[in-house]
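Encoded as structure tokens, the structure appears first; notes follow it.
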Amino acid sequence: MASFVLVSFVVCGLFASSALTAPTPLVIWHGMGDSCCNPISMGSIKSMVEEQVKDIYVRSLEIGSNIIEDTENGFLMNVNKQVTMVCDKLAKDTKLANGYNAIGFSQGGQFLRAVAQRCPNPPMLNLISVGGQHQGVYGFPHCPGDNSTLCDYVRKLLNLGAYNSYVQSFLVQAEYWHDPLNEEEYKKASVFLGDINQESMVNQTYKTNMMKLKKFVMVKFTEDTMVEPRESEWFGFYKPGSSTELQDLRNTTLYTEDRLGLKEMDSQGKLVFLSSDTDHLQFSKEWFIKNLIPYIKE
């Protein structure tokens with residue numbers, strides 16, 4: 001009997017130790033024109049992370065019921081609906097109950113930030129934004145993949161009026177369109193970016209939840225030809241009233257008034273600014289492993 005109790009104790013102890021040392025799960029949100037499981041993009045990232053972090057649970061988000069819907073919804077599904085859908089998925093995923101790290105590619109970066117601000121359970125621990133446009137974009141030069149028809153449609157709607165209520169209701173790229181020459185209209189009409197960036201009012205819950213992050217890692221591509229301006233990837237943007245003069249995060253009202261908690265997070269060493277001297281989302285496996293895997297392992 002004593003031997004059985006001892007063996008049971010040792011076995012239970014091993015299981016407990018294994019649970020305690022299990023790697024933090026990772027959630028991935030892809031960018032525009034991509035899907036959760038594309039083998040040459042998100043599928044490759046998932047495999048690389050699993051190769052580098054033994055036994056990690058990786059969930060690559062699918063927005064819709066299949067890959068086609070997932071890709072189309074990156075253009076034509078209201079971002080707030082997408083965020084609500086993702087929050088529900090994460091809350092129901094028992095493997096994430098104790099917390100998870102998150103990595104968003106391109107627009108997936110600001111979408112996951114919205115998840116951090118709006119949905120603290122389960123808790124997001126580290127947020128890695130790879131080319132995310134946190135102050136939005138003011139230009140749409142081209143988009144990735146084989147989506148020329150969709151891209152042309154997006155351009156026409158943006159030209160029609162990015163802040164038109166109909167366009168704002170469903171066009172993803174309009175929902176993070178930021179016109180520095182028309183700041184008041186942007187603040188009033190932007191249904192997504194204007195909200196999560198606290199443009200018209202300070203939602204204390206957003207700020208509190210954002211500051212719970214251990215690290216907010218932002219990657220800027222210094223040769224980016226897709227994101228205008230590329231400074232948005234480090235939370236910078238054009239100065240209000242100018243479409244040429246730029247300002248970095250620390251000179252924005254969002255930071256100086258600490259409307260989102262970024263100033264305090266900065267003072268605590270929670271903001272991490274990384275760069276890649278390449279075009280949008282063009283990084284090597286070696287760069288990813290060296291620069292991002294450490295935050296995924298935390």
Side-chain angles (χ1 to χ4, degrees), residues 27-38 41-42 60-89 102-119 127 129-179 185-197 199 224 226-230 232-233 235 237 280-281:
V27 171
I28 299 174
W29 199 331
H30 62 80
M32 174 179 68
D34 204 352
S35 68
C36 66
C37 313
N38 186 331
S41 57
M42 296 303 101
S60 188
L61 294 166
E62 183 177 62
I63 312 301
S65 57
N66 55 59
I67 289 177
I68 294 175
E69 282 189 10
D70 189 16
T71 303
E72 291 178 345
N73 286 339
F75 294 93
L76 302 174
M77 182 180 186
N78 180 278
V79 182
N80 293 315
K81 290 182 180 179
Q82 293 190 49
V83 171
T84 298
M85 177 190 297
V86 166
C87 288
D88 184 59
K89 288 176 182 285
I103 182 168
F105 293 88
S106 198
Q107 66 184 22
Q110 60 262 34
F111 297 173
L112 278 171
R113 176 163 64 85
V115 172
Q117 291 175 212
R118 294 175 179 176
C119 308
L127 171 58
S129 168
V130 184
Q133 302 98 47
H134 293 282
Q135 282 278 23
V137 297
Y138 187 54
F140 194 70
H142 64 275
C143 63
D146 301 320
N147 295 290
S148 59
T149 301
L150 268 174
C151 286
D152 288 341
Y153 181 54
V154 168
R155 287 190 185 92
K156 288 177 182 177
L157 287 173
L158 289 173
N159 289 332
L160 173 67
Y163 299 130
N164 176 283
S165 60
Y166 168 71
V167 175
Q168 282 281 317
S169 70
F170 75 92
L171 186 65
V172 169
Q173 289 69 40
E175 293 167 53
Y176 58 86
W177 186 263
H178 184 171
D179 185 348
E185 184 67 14
Y186 155 67
K187 292 176 181 180
K188 181 176 70 174
S190 177
V191 300
F192 172 69
L193 190 69
D195 176 62
I196 65 168
N197 280 6
E199 296 289 6
D224 205 317
M226 180 179 296
V227 175
E228 294 184 4
R230 62 182 69 118
S232 185
E233 298 169 359
F235 237 120
F237 204 65
H280 194 64
L281 301 186

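Counting begins at 1 with the first residue of the sequence. Every heavy atom of this structure was used, including side-chain atoms; hydrogens, water molecules and symmetry mates were not.
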Could you check Arg118 against Asn80 for side chain to side chain contact (heavy atoms under 4.5 Å, CB included), going step by step and ending with a plain yes or no?
-> CA-CA 10 Å; Arg118 294 175 179 176; Asn80 293 315; 2.9 Å; yes

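- Taking each heavy atom of Phe237 and Pro229 in turn, the nearest pair found is CE1-CD, 3.4 Å.
- Interatomic distance, CD of Glu228 versus CZ of Arg230, reported as 9.0 Å (0.5 Å rounding).
- When all heavy atoms are compared, the tightest approach of Asn78 to Val191 is ND2-CG2, 4.4 Å.
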From CA spacing to verdict: side chain to side chain contact (heavy atoms under 4.5 Å, CB included), Phe105, Asp34 | CA-CA 10 Å; Phe105 293 88; Asp34 204 352; over 6 Å; no

Dump the intermediate steps for side chain to side chain contact (heavy atoms under 4.5 Å, CB included) on Asp179 and Tyr163, then the final yes or no.
-> CA-CA 10 Å; Asp179 185 348; Tyr163 299 130; 3.6 Å; yes

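- Taking every heavy atom of both residues into account, Ser60 and Met42 meet most closely at OG-CB, 4.0 Å.
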Begin with the C-alpha distance, continue with both residues' side-chain angles, and end with the deciding distance and a verdict on side-chain hydrogen bond (donor to acceptor under 3.5 Å, both in side chains) for His280 and Ser106.
-> CA-CA 8 Å; His280 194 64; Ser106 198; 2.9 Å; yes

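- The CZ atom of Arg113 sits 8.5 Å away from the CG atom of Leu127 when rounded to the nearest 0.5 Å.
- Looking at Trp177 and Val167, their side chains never come closer than 4.5 Å, going by heavy atoms from C-beta outward.
- Looking at Asn73, its side chain never comes within 3.5 Å of a backbone N or O of Gln82 through a donor-acceptor pair.
- Once rounded to the nearest 0.5 Å, the distance linking CD1 of Ile67 with CG of Asn38 reads 7.5 Å.
- The one candidate from Gln133, Gln173, Glu175 that meets the side-chain hydrogen bond (donor to acceptor under 3.5 Å, both in side chains) condition with Gln107 is Gln173.
- From Ile28, atom CD1 reaches atom CG of Leu61 across 8.5 Å, with rounding to the nearest 0.5 Å.
- Counting all heavy atoms, side chain and backbone alike, Asp224 lies closest to Glu233 at OD2-OE2, 2.5 Å.
- For the side chain to side chain donor-acceptor pair (under 3.5 Å) test, no residue two or more places apart in sequence or in another chain qualifies with Asn66.
- With contacts defined as side-chain heavy-atom distances shorter than 4.5 Å, the pair Phe170/Leu76 qualifies.
- When all heavy atoms of Ala102 and Leu112 are compared, the closest pair comes out as CB-CD1, 3.9 Å.
- When the side chain to side chain donor-acceptor pair (under 3.5 Å) test is applied to Ser129, the partners found at least two apart in sequence or on another chain are His134.
- Put simply, OH on Tyr176 and CZ on Phe192 are 9.5 Å apart, with the number rounded to the nearest 0.5 Å.
- Looking only at distances, no side-chain donor or acceptor of Asn197 sits under 3.5 Å from a matching main-chain atom of Glu199.
- For Asp70, the side chain to side chain contact (heavy atoms under 4.5 Å, CB included) test picks out His30, Ser35, Cys36, Glu62, Ile63, with sequence neighbours left out.
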